[in-house]
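Structure first, commentary second.
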Amino acid sequence: MTEKINLEKFPLEIRDKLIPDYIGDVVYECIGCGNEFDINQFLYICPKCRSLLRLNDRNFNSLKSIKGKTWQEIFDYRKMLNLESLKGIFLFKEMLFPTIPLEDVVYLGEGHTPIVRANPDLQRIVGIDFSVKNDGLNPSASFKDRGMASAISYINYSIKRRDLKEVLGICASTGDTSAAAALYLSYLDKKIVKSVVLLPKGKVTPQQLSQPLGSGATVIEVPGVFDDCMKLVEELAEEYQVCLLNSKNPVRIMGQKSYAYEIAQQLDYNLKDLVIVVPVGNAGNVTAIMEGFLDLHRLEIVPELPLILAVQSNHANPVFNWHQTGEYTPMKVRPSVAQAAMIGDPVSFPKVKKLVNEHYQDFFMSVDLDEKDIMEGMLEANCHGHVVCTQGGESIAGLKKAVSMGMVNKNHKVIVDSTSHQLKFSNFQDMYFKDEFPEEYEIKSEQRFINKPVHLGASSREIADYLNLKKKCSP
Ligand SMILES: *Cc1c(COP(=O)(O)O)cnc(C)c1O
Ligand SMILES: [Zn+2]
């Protein structure tokens with residue numbers, strides 16, 4: 001596969017590093033007791049103390065023998081290689097998940113999402129210059145594809161290496177994890193791989209429900225909210241042979257770190273005064289982003305860490321509350337339009353806490369929002385040329401609030417994470433336009449945002465009259 005590639009056009013110093021051959025020495029590492037475990041098994045919590053696991057490359061420090069500047073060149077020139085397996089998140093394979101051989105990488109077009117400058121009028125409304133990194137442009141239309149690409153590549157590799165005859169991939173979901181899991185699992189050999197998703201009934205959008213159904217997964221709807229589904233899959237993963245595909249699986253976090261690597265590359269590795277705005281639900285994404293920037297910093301690919309602004313709805317804000325008070329209390333969520341982040345007891349919270357305490361103490365900020373702000377954040381962005389989901393709207397509204405509170409100012413360079421595509425959450429737009437939000441959301445629609453179809457006869461005259469069109473002058 002790789003010998004056909006002509007490397008002669010690339011600088012000599014990096015030529016032999018363009019196609020990565022580094023495989024590292026990756027193990028599961030417990031974030032509680034520090035014990036390490038072989039990665040040739042599916043593990044989600046520490047068998048000794050039940051804390052969360054992270055993946056640790058024990059050879060990571062050997063990567064420091066290459067200078068940060070040289071790493072930049074390697075990643076930048078690697079982008080020019082026409083090698084499919086390196087086109088997505090595995091462009092950064094040495095830091096991301098070096099174990100997996102290139103031929104086992106499953107690439108469905110994820111990653112390399114654009115950074116789009118916010119419309120100038122929107123910037124004025126928000127009160128600051130900013131850009132949106134649009135992760136809704138992934139194959140299943142959310143950032144979850146990043147983590148699923150690494151998880152499913154790992155399953156693909158495990159099937160071959162461990163000669164597995166049966167794998168049942170399962171996840172609980174607020175909608176997007178199941179869409180991504182079902183998509184990526186359906187790409188693998190159906191004789192070996194089965195795909196099951198567990199959804200809280202009525203708590204995912206119709207589009208998000210249609211995605212795993214379309215991918216052929218077994219879709220199980222149960223009463224309750226995400227936190228209830230999560231408990232069920234945790235029990236299943238404990239007692240039965242299943243592969244858990246939630247972000248509790250550290251292999252997911254591995255892939256999601258690519259979001260940070262890409263930002264660094266897209267900014268030419270200049271992260272000075274950078275602020276990343278992230279909506280937080282189960283806290284896997286914010287964990288991965290912080291870990292990703294740490295990797296870059298450790299290899300001196302970037303000289304500094306960015307600031308992280310975590311945003312939550314005040315209907316589901318356990319991380320915000322912890323950050324403000326120092327006390328972490330799981331909460332019962334109330335309905336939120338940022339439904340993909342409507343989680344009262346985020347699984348990755350212990351990782352967030354550890355990362356903030358050890359590395360991001362001065363680099364972590366948080367705000368929470370009313371539901372109405374979130375909804376209008378989305379509507380305002382989308383009528384200015386963007387395609388953000390409610391969680392993207394949450395990020396933008398969160399930025400606006402942080403600016404008004406003086407936490408973010410003109411000296412900052414801001415990138416907002418739009419975590420999925422507008423179309424996934426159009427039901428909330430519908431509710432808004434019809435002014436039909438159930439009371440619990442506490443959202444009353446404002447006329448200036450409302451848009452509805454106009455019904456006219458099939459008559460050009462009638463349409464012209466309605467639009468007040470001016471007649472052309474005859475020549
Ligand atoms: C999953 C998800 C989130 C929340 O991410 P976490 O990793 O759970 O914090 C936010 N937005 C969208 C669109 C999502 O699918
Ligand atoms: Zn442990």
Side-chain angles (χ1 to χ4, degrees), residues 27-37 43-54 56 133-138 140-148 171-181 199 203-205 207-208 211 226-227 230 245-249 252-253 255-257 259 277-291 308 310-313 316-320 333 336-352 354 366 374 378 387-396 398 416-425 428:
V27 292
Y28 293 110
E29 182 194 72
C30 171
I31 71 162
C33 69
N35 272 298
E36 294 178 340
F37 307 93
L43 273 188
Y44 319 106
I45 52 171
C46 174
K48 296 234 163 74
C49 78
R50 304 183 59 80
S51 299
L52 293 177
L53 298 169
R54 59 186 294 276
N56 181 35
K133 185 163 166 72
N134 191 351
D135 255 23
L137 298 185
N138 276 298
S140 82
S142 87
F143 78 86
K144 300 291 199 305
D145 292 333
R146 295 178 180 277
M148 224 41 91
C171 66
S173 179
T174 53
D176 292 332
T177 300
S178 57
L199 300 174
K203 307 274 184 342
V204 307
T205 72
Q207 296 85 332
Q208 289 171 322
Q211 287 186 290
F226 170 84
D227 296 292
M230 191 65 218
L245 286 169
N246 283 94
S247 55
K248 186 164 195 175
N249 183 339
R252 284 269 318 279
I253 303 288
Q256 288 176 193
K257 293 192 300 185
Y259 187 83
V277 188
V278 192
V280 175
N282 218 13
N285 194 25
V286 73
T287 295
I289 293 171
M290 288 195 282
E291 283 194 2
I308 304 290
V311 186
Q312 296 201 298
S313 160
N317 57 357
V319 175
F320 169 81
V333 295
S336 171
V337 295
Q339 193 169 256
M342 204 177 96
I343 296 173
D345 188 10
V347 164
S348 290
F349 172 73
K351 288 185 173 173
V352 173
K354 192 170 156 76
S366 62
I374 298 173
M378 173 178 91
V387 285
V388 306
C389 61
T390 42
Q391 293 69 222
E394 179 176 31
S395 303
I396 292 171
V416 160
D417 188 352
S418 177
T419 44
S420 83
H421 198 282
Q422 172 187 22
L423 290 176
K424 283 203 184 221
F425 293 87
F428 289 117

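Remember, predicted model here, so these are calculated numbers, not experimental data. Atoms within a ligand are numbered from 1 in the order they appear, just like the ligands themselves.
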Just to verify, what does Val387 make a side chain to side chain contact (heavy atoms under 4.5 Å, CB included) with, not counting sequence neighbours?
Asn134, His421, Gln422
When you measure from [atom] to every protein heavy atom, which one gives the shortest distance, and what is it?
{"atom": "atom 11 (N) of ligand 1", "value": "Thr419 OG1, 2.7 Å"}
{"atom": "atom 2 (C) of ligand 1", "value": "Lys144 NZ, 2.4 Å"}
{"atom": "atom 8 (O) of ligand 1", "value": "Asn282 N, 2.8 Å"}
{"atom": "atom 5 (O) of ligand 1", "value": "Phe143 CZ, 3.4 Å"}
{"atom": "atom 7 (O) of ligand 1", "value": "Asn285 N, 2.7 Å"}

Checking Asn285 against Asp417: is there a side-chain donor and acceptor pair closer than 3.5 Å?
yes
Nearest 10° is fine: what angle sits at the Zn ion (ligand 2) between SG from Cys49 and SG from Cys33?
120°
At a 4.0 Å threshold, what atoms of ligand 1 neighbour a non-hydrogen atom of [X]?
{"X": "Gly281", "result": "4 (C), 6 (P), 8 (O), 9 (O)"}
{"X": "Ser420", "result": "13 (C)"}
{"X": "Gly284", "result": "6 (P), 7 (O), 9 (O)"}
{"X": "Asp176", "result": "12 (C), 13 (C), 14 (C), 15 (O)"}

Do any heavy atoms of Ala283 fall under 4.0 Å from ligand 1?
yes
I would like to know whether Ser348 and Asn282 meet side chain to side chain contact (heavy atoms under 4.5 Å, CB included); could you show each step before the answer?
CA-CA 6 Å; Ser348 290; Asn282 218 13; 6.0 Å; no
Are Lys351 and Glu291 close enough for a salt bridge, meaning some N to O gap below 4.0 Å?
no
Pairwise side-chain contact, Cys33 with Ser51, heavy-atom cut-off 4.5 Å (strictly under):
no
Side-chain touch Cys389/Thr419, heavy atoms, less than 4.5 angstrom:
yes
Could you grab the distance from atom CZ of Phe425 to atom CE of Met378, nearest 0.5 Å is fine?
9.0 Å
Heavy atoms only: give me the nearest Phe428-Gln339 pair and the separation to one decimal.
CZ-OE1, 3.6 Å
